[in-house]
Amino acid sequence: MSAKPDFFRYYKKSYLTIILIGIFVWSLFAVQWNSDLIHAGGFVTIMQMLGALFQPDFSKEILELAIESTWITLSYAVAGMTLAFIIAFVLGVLASGILFGESRISILMKSFFRGLLGFLRAIHELVWAWIFVASFGLSPYAAIFALALPYGGILGRIFADMLTDVPKEPIEALNSTGASKFQVLLYGYLPMVKTNILSYTMYRFECSIRSSAIMSFVGLGGLGYQIQLSLDDLQYDEVWTFIYFLIAIVVLIDLWSSQLRNKLNAPSKHWFVPFSSILTVFLVAGSWGYVYFVDKASFLALFSQENLAYAKKFFAGMLGIGEENPAFLDRESWSNALLLTYDTLRMSIMAIGFSTIVMFLTVIPAARNVANGTLTLAPKWYSWISFGFIRLCYIFSRAIPELVWAMMIIFILKPGILPGAIALALHNFGILGKLCAEVIEDLDERPIRHLSSSGASKAQILMYGVIPSVLPQFLTYILYRWEVIMRTTIVVGFVGAGGLGQQFKLSMSFFHYTDLTLLLFCYLILVWISDYISEWARKTAR
Amino acid sequence: MASENIIEVQKLHVGFERKIALSSLSFSIQKGERVALIGPSGAGKTTLLNTLATFITPTEGELQITGLNHQDSKNRKKLAKKIGMIRQQFDLVSPLPVIHNVLAGRLADWGFFKSLFSLLVPQEKTLAMKALDRVGLKDKLYARTSTLSGGEQQRVALARLLVQKPEIILADEPVASLDPARAEDVLSILAKLVTEENQTLIASLHSVEYAKKYFTRVIALRDGEIFFDLPSEKIEDQNLAALYELKGKS
């Protein structure tokens, strides 16, 4: 009788769903829900911000400033991505293990490089920026390196996976001709993964623009810096001007990258591909030229005696050398840090919970096949209006980095976990919504149509046809975004939105370097645990 | 009352833009008949089935289904009581357990809360179990539908039809993607169930052999017109040769 194990397998998923909902509800208890959460003038501020949304400042000076800042943001992103690509390529090839044999040392080498990539990836770019600014001072290279390392880690990991997933037959054929490992790489592996590597790099390029914008928060120029200045001056109309520029550049890069990815995968060559190559060369040359000649940032000056002394002092401080009572050996510091870690964990869960709820409320009308009525067989005149409106909200939500959301929310809500969770949710519901709407668009329509023709109502079609088909994919995306949110919690903390990040910034300002080490350690553990849990949950759901 | 007409078609004409898909078809089908639609690809079999299912409105002519007036055909719930469809196995919700796919045949009668609750605690479980038992899948109640083979999935679709209990079953290439052994299996179950429930079956098929074996009557279509309409035992090889003959030769 095989019905019994089937029965349990089916309900395992329901249990998982109930557990996940329970965890979300539990995270809500981290906040004292009362009117004390909002600043005295919070509602007035909201109205002012919303009012300014429709009346951005388009005066000549502001526009010039915005264009200049946009270029700075773009050039740091491009320069950072070029370095990231080189790092990712070298480490990715090493981490894939294709240059090594099967011996024990080779396997050890392979896992070492995998671990290195994981480490680069685990630390958020803004934390890297803090470290680089502390050791190099306010140089554009601090921003560029801070982008290059985590993006190098992300890209490198994916490159390594792509190289290991290459079909084995052509490689074996090359091996049998007596080609060396290096020749096999050049003639076998690289030609097979070239398109995928380019596509993925282009996809990540869009994210790097947003990361570059927030680099400004450690004092480096760009759009984020201007947003911060205008916010401090309470000039909300200027804030929105800069945000519109940020959205515009993100949307433009997104369009370019998705077009290029389409054309790269097309069977025949399209003019767009050589055009993009020329554009890339132009952008890379322009960015590095700008950093070198206009910003006058000398690369060698980074390694001056003075900087070396700073860096030495910084890292010695982090390791607690010469410190009588380093925080990571202190019991009280530990209990304090662990408490913050716990808060941060709850913040991340609250954030993903909020974004999931908003996503579920909006995703159905946001799917193209629902809007045009093919899925439900019931087109409505308002379908396209709600489709357009929700998609616009998604773009808005996605293009504005969580840090910028946090800075605005901190004007409305008092510092704590809730503003952090809301800021993270505001940025993530757009991403989640877009991903999940695409899942619905890719749905097999035949079972849905059948339900419709056998007399099921709209709600029944949703319950029996749409939700069971899309839920596993949704869960994967939700867990994946949760991992990303976990990494970003530290960043929203920087502007006072609670958790480990807030303490990190305080310790930084007081030069309590050993505290930083302890906090970073807790943060890394949290990131590692969340990766592990999400992997487990995804396997269970399968 | 064996001679009660359930479907009456008169001078039915369906066109898409300028192309004619069906031209002046007239026939009537009695309750309890098992009709096979055969003919070369593009002859209009699927269009005819979709027209009978009222998904397509005929350009000209009349379609009468006993007990179903024009208003009723707009009401999907009432329509579902009259007409059930079965296609290739692709119309099951594959991540759902088998039981819910079978019970989907009851959705027309269920309200919102009952349907929602049933996903947690299956309702009318004995009904679903009986239906699955009749198609020989008693032990697959909670199996994920996507883990079943093509033939088993098609039997799940049959169980769903049993639960839905329409008076007329329209089957569009129900065995097109199955191997011969599975195809015979599914068709024999389908024919048996239809006889037991005194339902009317109209199915489009590629194989003339199956049409003769499991159906009482065969309507052959060619270029949107009826080429012949005969009881299955009266079909002879020369009819078939002419039906499938390539146009250029004739």
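Chain A is the first sequence line, chain B the second, and so forth, proteins listed ahead of strands; every chain is numbered from 1.
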>> Given heavy-atom pairs under 4.5 angstrom as the criterion, report whether the side chain, backbone, both or neither of B/Arg106 touches chain A.
In response: neither
Is the count of non-hydrogen atoms from other residues, nucleotides or ligands lying under 6.0 Å from [X] atom [atom1] greater than 12?
X: B/Phe27; atom1: CZ; answer: yes
X: B/Lys130; atom1: NZ; answer: no
X: B/Lys82; atom1: NZ; answer: yes
X: A/Met192; atom1: CE; answer: yes
X: B/Gln64; atom1: CD; answer: no
X: A/Trp528; atom1: CH2; answer: no
X: A/Arg261; atom1: CZ; answer: yes

> Relative to chain A, which of B/Gly105, B/Ala80, B/Ala104, B/Pro166 shows the most heavy atom pairs under 4.5 Å?
Replying inline: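 Maximum pair count with chain A is reached by B/Ala80.
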>> Is any side-chain heavy atom of B/Phe112 closer than 4.5 Å to one of A/Gln460?
In response: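 SC-SC contact between A/Gln460 and B/Phe112 ruled out.
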>> I want to check something: taking the side chain as every heavy atom from C-beta on, are A/Pro447 and B/Leu92 in contact at a cut-off of under 4.5 Å?
In response: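 Side chain of A/Pro447 against side chain of B/Leu92, heavy atoms only: no contact under 4.5 Å found.
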> Say you draw a straight line from CE of A/Met463 to CZ of B/Phe117; how long is it, rounded to the nearest 0.5 Å?
Replying inline: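 Rounded to the nearest 0.5 Å, the CE-CZ separation comes to 13.0 Å.
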> Hey, what do you get for CG (B/Leu79) to OG (A/Ser454), rounding to the nearest 0.5 Å?
Replying inline: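 Interatomic distance, B/Leu79 CG to A/Ser454 OG, rounded to 0.5 Å: 10.0 Å.
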> Closest heavy-atom contact between B/Ser115 and A/Tyr464?
Replying inline: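 Where B/Ser115 meets A/Tyr464 most closely, the heavy atoms are O-OH, 3.0 Å.
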>> Run B/Val93 and A/Leu451 through side chain to side chain contact (heavy atoms under 4.5 Å, CB included) and show every step you take.
In response: CA-CA 9 Å; B/Val93 184; A/Leu451 284 176; 4.3 Å; yes
> Do A/His450 side-chain atoms and B/Met85 backbone N/O form a donor-acceptor pair below 3.5 Å?
Replying inline: yes
